[in-house]
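Here the structure comes first, spelled out in structure tokens, and everything after it is commentary.
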Amino acid sequence: MIQLYWKNATAEVVGSEHGISQGDLTAISDRLSAAVDAVRSQAEAGQLGYTKLPARTDYRDRALQLTEKYRPGCTDLLVLGIGGSALGNIALQAALNPATYNLQSDRARGGPRLFVLDNVDPALIKDTLDLLGRRLKTTVLNVISKSGETAETASQFMIVRELLRKRLGDDFARHIVATTDANKGTLHDIAAQDGYDTMVVPDDVGGRFSVLSPVGLFSAAMCGIDIKALLDGAREMADACKGPWSANPAGMLAAINYIAMTAKGKPMHVMMPYSNRLYLLADWYRQLWAESLGKAHNKAGAEVFVGPTPIKALGTTDQHSQVQLYREGPNDKLTIFLEVEKHPKDLRVPDVFGEIPGLTYLRKARISKLLNAEKLATEYAMAQSKRPTVTIRFPEINAANVGAFIYLYEYTTSLMGELLDIDPYDQPAVELGKRATFALMGREGYADVARQIKPFTKIDRNYLI
Ligand code: PA5
């Protein structure tokens, strides 16, 4: 299973101003224990829906049942969703299938190409639909929306449903799978009226915690990912997170992140995978961390304005872009490296250019060795500049380890919520932008917001250069 290595975040390595000492841990030990107890009690009381997902065989089996039904003959899977209804799907696909997956022939892939439209960029939508072209006949559409009324997903759905209806006639509904609330909502009602197959976004699981529900499981299974192993890995991590904070990876990760941001002046949390396959897990993490932990009020309603800023970087690529800042800029960051011991593929540099002294060290070297050496070198260089880092080590990139990583971060987010004394499961600040969009698009019932937003609709030329 994945493991956490945190020595390079300690005072021993980066000094007591920036690193975590035994004293720092002891000082918040009671609070950590209370956080672990609180989250465990909430989970045991059934209040944290996401903690039940690794063991939910019904959701898994439904995703597999529909995969069995739709995969044969399906050349393309088009997923419509945004935020928590898309980022997990994208991350799973990037981690567990080759980057070239969509470029392979239908026969080589064995499953459909995957397109996740998680934006209303008209060029993105049009380009994708144009590419699908005649293959729309063998395309399956998975529309994912818990609320069913998210403007981005709803507008895309209206476009694609109409296109399918025109191309396929009465058959169009047999190409659509809706993932939404079990009992209510606009998408639920449309699915019932049109007769789509449906899967459930569990009522008690927030969007960004839903990747291990049918939200993420169906597209993964359709693309050949072993979702049983994914859930097994999450379950194994859930078991590992049951111990006291110091013996549990989520407890320790929460402790490090919390101390870094509060006592060590490090509100910037960089996730830097040394693996392209894991890069988009950092995107998923960004949403989880940002929407869950960035809050204006604590649980008692007092203003607190807390929240670490999640940042993503890619090793080694961003060594040539970001590391200058990370080492010499403000010492306000905690960096979490993701490291892979055994990469899914490997190759050797050929034994050439023996006469060029500056290149001989590369001859016959494995590229995986170079990549991991660069990670270690960056870790070392960061430590020299007193910059704390943590490493999450993947023995290999497989479904079980990715499942474990997902659960680790979800559970850590719950613990961080307790430590920060905020509600990590809501996202009140997202609402105003949604309401303003409705107003700007002329939705009925939003005239008051339309009035308030009016000054913003006019460009003040005094400020235009
Ligand atoms: O994490 C969240 O709750 C959000 O990112 C939602 O997933 C996102 O807004 C999409 O919502 P919905 O699934 O209702 O369309």
Side-chain angles (χ1 to χ4, degrees), residues 47-51 53 59 63 78-92 116-121 125 141-161 176-191 196 198-220 280-295 307-308 310 312 406-407 409-414 416-417 422-438 441 443:
Q47 291 162 4
L48 302 182
Y50 80 87
T51 61
L53 294 176
Y59 292 148
L78 183 58
V79 173
L80 308 182
I82 198 161
S85 294
L87 287 167
N89 305 58
I90 296 170
L92 290 180
V116 182
L117 291 188
D118 69 339
N119 199 359
V120 278
D121 181 327
I125 300 171
L141 173 68
N142 179 207
V143 53
I144 308 175
S145 180
K146 186 172 182 179
S147 64
E149 290 199 1
T150 303
E152 294 89 341
T153 308
S155 59
Q156 290 173 345
F157 174 60
M158 288 156 85
I159 292 169
V160 182
R161 176 186 176 276
I176 302 178
V177 176
T179 309
T180 190
D181 190 278
N183 306 306
K184 58 179 189 311
T186 310
L187 182 56
H188 167 271
D189 296 348
I190 295 171
Y196 313 148
T198 55
M199 281 177 295
V200 169
V201 185
D203 214 14
D204 55 354
V205 178
R208 57 190 174 274
F209 290 86
S210 70
V211 56
L212 300 177
S213 80
V215 169
L217 295 180
F218 178 63
S219 65
L280 294 181
L281 276 175
D283 232 9
W284 169 84
Y285 146 82
R286 255 178 0 133
Q287 187 208 7
L288 184 70
W289 219 236
E291 277 196 347
S292 304
L293 302 180
K295 296 289 152 75
K312 68 171 181 174
I406 286 168
Y407 196 89
Y409 260 93
E410 290 177 342
Y411 208 75
T412 304
T413 303
S414 292
M416 287 291 281
I422 49 97
D423 179 352
Y425 309 110
D426 64 1
Q427 54 285 326
V430 180
E431 288 311 309
L432 184 58
K434 282 190 189 171
R435 288 164 49 76
T437 303
F438 293 152
M441 294 299 286
R443 182 169 170 173

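Counting convention: from 1, in listed order, for ligands and their atoms alike. All residue numbers in this chain count up from 1 along the given sequence. Note that the structure is predicted; figures quoted are calculated from it, not measured.
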Heavy-atom distance under 4.5 Å between the side chains of [X] and [Y], does that happen here?
| X | Y | answer |
| --- | --- | --- |
| Thr150 | Ser85 | no |
| Ile190 | Met158 | no |
| Ile144 | Thr153 | no |

Which of parallel (below 30°), tilted (30 to 60°) and perpendicular (above 60°) describes Tyr425 and Phe209? tilted

Parallel under 30°, tilted from 30 to 60°, perpendicular over 60°: which one fits the rings of Tyr411 and Tyr50? perpendicular

Can you work out which protein residues put a heavy atom within less than 4.0 Å of ligand 1? Ile82, Gly83, Gly84, Ser85, Ser145, Lys146, Ser147, Thr150, Gly207, Arg208, Gln287, Glu291, Gln427

So, Asp283 and Lys312, do they make that salt bridge, N to O below 4.0 Å? yes

